[in-house]
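Here is the naming used below: chain letters follow the sequence lines, and residue numbers restart at 1 for every chain. The analysis underlying the following values was restricted to heavy atoms, covering all of them including side chains, and did not include hydrogens, waters or symmetry mates.
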Protein chains: 2
Amino acid sequence: MLMDDLQQESRRYLASYVMFNQAVADHLKLHPTDVQCLNLLTAEPGPFTTGRIAELTGLTSGSATRLVDRLEKAGYVVRHRDSTDRRRVLVEPVPEAMRDLTELWSELSQGWRAMFADYTEDERALLYRHMQRTVELSRQQIARLRDKG
Amino acid sequence: MLMDDLQQESRRYLASYVMFNQAVADHLKLHPTDVQCLNLLTAEPGPFTTGRIAELTGLTSGSATRLVDRLEKAGYVVRHRDSTDRRRVLVEPVPEAMRDLTELWSELSQGWRAMFADYTEDERALLYRHMQRTVELSRQQIARLRDKG
DNA sequence: CTAAATATCTGCGCAACGCAGTAACTGCGT
DNA sequence: ACGCAGTTACTGCGTTGCGCAGATATTTAG
C-alpha cells in the first residue's frame, strides 16, 4: 500500500463527503451550512451558544447569528437566554423538527449499516478508532490553519 | 461496538471533513466550492468539461460556468474548446498554480502520513478499501437523493 | 462606580447561487 | 442538403449567505 495511493484516496474521500453534505442540503432545501450546523448540534456535546456555533462552523459572529435566525425560523432550534450569564444565548435543537434530518440520515445510514455489518468486530473497532483519531487531527489542523491567518 | 456509536462517530467524522474543507478555503482565500472543485480536479479521472464539473459539484450549469470563470481568472485552470465537439469546453488544471493547494495539502498530510504510518500493512489495506467503498456508497446515495428531488 | 472585556445583534456592500432564457453546435430523420 | 430536436455552455436578474464594522447589553476587573 503506497502512501500516495492512500493520500489520493483520502482526497476523493474528503470530496465525496462534501458532495454528500451538499446533496443532503439540496434535498432538504436548506443551505449546506445549515445542515452542517444541525449535524454538529446532534454530533457534538452541548450546550451550544451562538458563539460556539460560530466557532464550530468557522463563521463570524454576525453570520452565526443569521444562521441561528434561519434555523429558528424554520423551527429546528429555539433560543433562550442563559440565566447565569445573560449575554449568552443558548441554542437548543427541537427534536420533532430534527426528525426530517434524522429520518433522512437513518434512511441513508441503512447503506452504511450494511457496509459496516460486513466487517468483523475487530475491523469495526479499528475503523471507529480511526475516525476518532481523524476527527481529532482535523481539529488540530483547522486550528493551525486559522492561527496562520 | 454498537452500531449507534459507529453512526454517531460517522456523523462527527463527516462534519469534521466539511469543517476542514472550509478552513482550507478560508486559508487560501477561496470559496469552499472552489476548493472542492480543485480537489475533484486532482482526485477524479479527467477529462473535465464544464458540464462534468456541474455534475460533480452539484451546481447548475450557469453556476458551474461562473465557477470555472473564477478559477480561470485566478489562474488555476485553462479553458479550451473540444475540437471534436465544439460545444464542449475542456477545463484543465494548471500544475504550477495548483502548487499552493498541493503544498498546503502535503503539509497537512504530514499529520495524516504519521497517523497512517502507525497502522500495520493489513490495517492500512482495510482503511483503503473502506474509503473506496464509502466513496462508491456516497456516489449512490447522492444519485438517489437527486432522483427523489 | 467606572472602564475594559465579552456575547450577541444589526446595517451595509459584495458575491455565489438558481432560474430562465440565449447562442452555438451536433446529429437525427427526411 | 435541409431543418428540427437535443445538447453544451454562457448571460441577465433577483435572492440570499457572508464578512466587516459598529452598536447594544451584560459581566468582570480595578
Side-chain angles (χ1 to χ4, degrees), chain A residues 18-19 21-38 40 46-74 76-92 145-146 149, chain B residues 18-19 21-38 40 46-74 76-92 145-146 149:
Chain A
V18 174
M19 287 166 68
N21 198 63
Q22 175 81 47
V24 171
D26 288 348
H27 187 256
L28 292 175
K29 310 248 193 291
L30 290 174
H31 276 257
T33 309
D34 299 23
V35 174
Q36 168 74 355
C37 181
L38 293 175
L40 290 164
F48 301 97
T49 62
T50 303
R52 177 150 166 74
I53 287 173
E55 188 189 354
L56 285 170
T57 55
L59 295 174
T60 60
S61 78
S63 298
T65 295
R66 261 55 177 268
L67 168 59
V68 176
D69 284 348
R70 291 196 300 274
L71 293 179
E72 188 178 36
K73 189 170 184 181
Y76 285 102
V77 300
V78 289
R79 275 181 167 105
H80 66 80
R81 298 210 88 88
D82 185 340
S83 53
T84 67
D85 182 345
R86 294 177 43 73
R87 290 170 302 180
R88 287 155 52 111
V89 171
L90 295 172
V91 179
E92 291 185 358
L145 280 175
R146 288 190 187 158
Chain B
V18 174
M19 287 166 69
N21 197 64
Q22 175 81 48
V24 170
D26 288 347
H27 188 257
L28 292 175
K29 310 244 194 296
L30 289 175
H31 208 261
T33 308
D34 300 22
V35 174
Q36 168 73 354
C37 180
L38 293 175
L40 290 165
F48 300 97
T49 62
T50 303
R52 178 151 165 72
I53 288 173
E55 187 189 355
L56 285 171
T57 55
L59 295 175
T60 60
S61 84
S63 299
T65 296
R66 265 40 179 277
L67 168 58
V68 176
D69 285 348
R70 291 196 300 273
L71 293 178
E72 187 178 37
K73 190 170 182 179
Y76 284 102
V77 301
V78 289
R79 272 184 170 104
H80 66 79
R81 298 210 88 89
D82 186 339
S83 52
T84 68
D85 182 345
R86 293 177 45 72
R87 287 171 305 184
R88 287 153 55 106
V89 171
L90 294 171
V91 178
E92 290 184 0
L145 281 176
R146 289 190 187 159

Review point. Watson-Crick or G-U wobble partner for C:dT30, using a 3.5 Å limit on both distances?
Key: D:dA1
Practice item. Would you mind classifying the nucleic acid contact of B:G51 as base, sugar-phosphate or nothing, using non-hydrogen atoms under 4.0 angstrom? Key: sugar-phosphate
**Study point:** Where at least one partner belongs to residues 58-68 of chain A, residue pairs that pass side chain to side chain donor-acceptor pair (under 3.5 Å), sequence neighbours excluded
**Key:** A:T60-A:S63
Practice item. Measure the distance from CZ on B:R52 to P on D:dT7 and round it to the nearest whole Å. Key: 18 Å
Review point. How would you label the contact of A:L59 with the nucleic acid (heavy atoms, under 4.0 Å): base, sugar-phosphate, or nothing?
Key: sugar-phosphate
Review point. Out of D:dC10, D:dC13, D:dT27, which has the shortest distance to the side chain of A:R86?
Key: D:dT27
**Study point:** d(CD, B:E72; C1', D:dA9) in whole Å
**Key:** 13 Å
Check your understanding: Are OP1 or OP2 of D:dT11 and a side-chain N or O of B:T65 less than 4.0 angstrom apart?
Key -> no
Review point. For DNA chain C, which nucleotides open and close the run of contacts to chain B, 5' to 3', at under 4.0 angstrom from a non-hydrogen atom?
Key: C:dA16 to C:dT26
Exercise for review: Take A:T84 and A:T33, find for each the nucleotide of DNA chain D with the closest heavy atom, and name the residue whose nucleotide sits nearer the 5' end.
Suggested key: A:T33
Review point. How many Å lie between NE2 on B:H31 and C1' on D:dT16, as a whole number?
Key: 12 Å
Exercise for review: Check the distance between D:dC18's P and A:Q36's CD and give it to me in whole angstrom.
Suggested key: 11 Å
Check your understanding: Hey, which of these two, A:Q22 or A:R88, hits DNA chain C nearer its 5' end, going by closest nucleotide?
Key -> A:R88
Practice item. Identify whether any heavy atom of A:R79 sits under 4.0 Å from a base atom; if not, whether one sits that close to sugar-phosphate; answer base, sugar-phosphate or nothing. Key: sugar-phosphate
Point to revise | Whole angstrom value for the distance that separates C1' of D:dC18 from NZ of B:K29 | key: 15 Å
Point to revise | Nucleotide D:dG17, atom P - distance to CG of A:L71 in whole Å | key: 11 Å
Point to revise | Length of the CG-P vector between A:D26 and D:dT16, whole Å | key: 16 Å
Point to revise | Whether B:R88 side chain and B:R81 backbone form a donor-acceptor pair below 3.5 Å | key: no
Check your understanding: To the nearest angstrom, how far is A:E55 atom CD from D:dG19 atom C1'?
Key -> 18 Å
Check your understanding: Looking at residues at least two apart in the chain, or sitting in another chain, which of them share a side chain to side chain contact (heavy atoms under 4.5 Å, CB included) with B:A54?
Key -> B:A64
Study note, to complete from the structure: When A:L71, A:L90, A:D69 are each screened for side-chain contact (heavy atoms from CB on, under 4.5 Å) with A:R79, the one that passes is A:D69
Check your understanding: Any side-chain heavy atom of A:L145 sitting closer than 4.5 Å to one from B:D26?
Key -> no
Check your understanding: Would you say A:R86 has more than 12 foreign heavy atoms packed within less than 6.0 Å of its CZ?
Key -> no
Check your understanding: What is the nucleic acid contact for B:S61, judged by heavy atoms within less than 4.0 Å: base, sugar-phosphate only, or nothing?
Key -> base
Review point. Is there side-chain contact between B:D82 and B:T49, with at least one heavy-atom pair below 4.5 Å?
Key: no
**Study point:** A:D34/A:K29 salt bridge by N-O under 4.0 Å criterion
**Key:** no
Review point. B:D85 or A:S63: which one's nearest nucleotide on DNA chain D is closer to the 5' end?
Key: B:D85
Point to revise | Donor-acceptor pair under 3.5 Å, B:R87 side chain vs D:dT7 base | key: yes
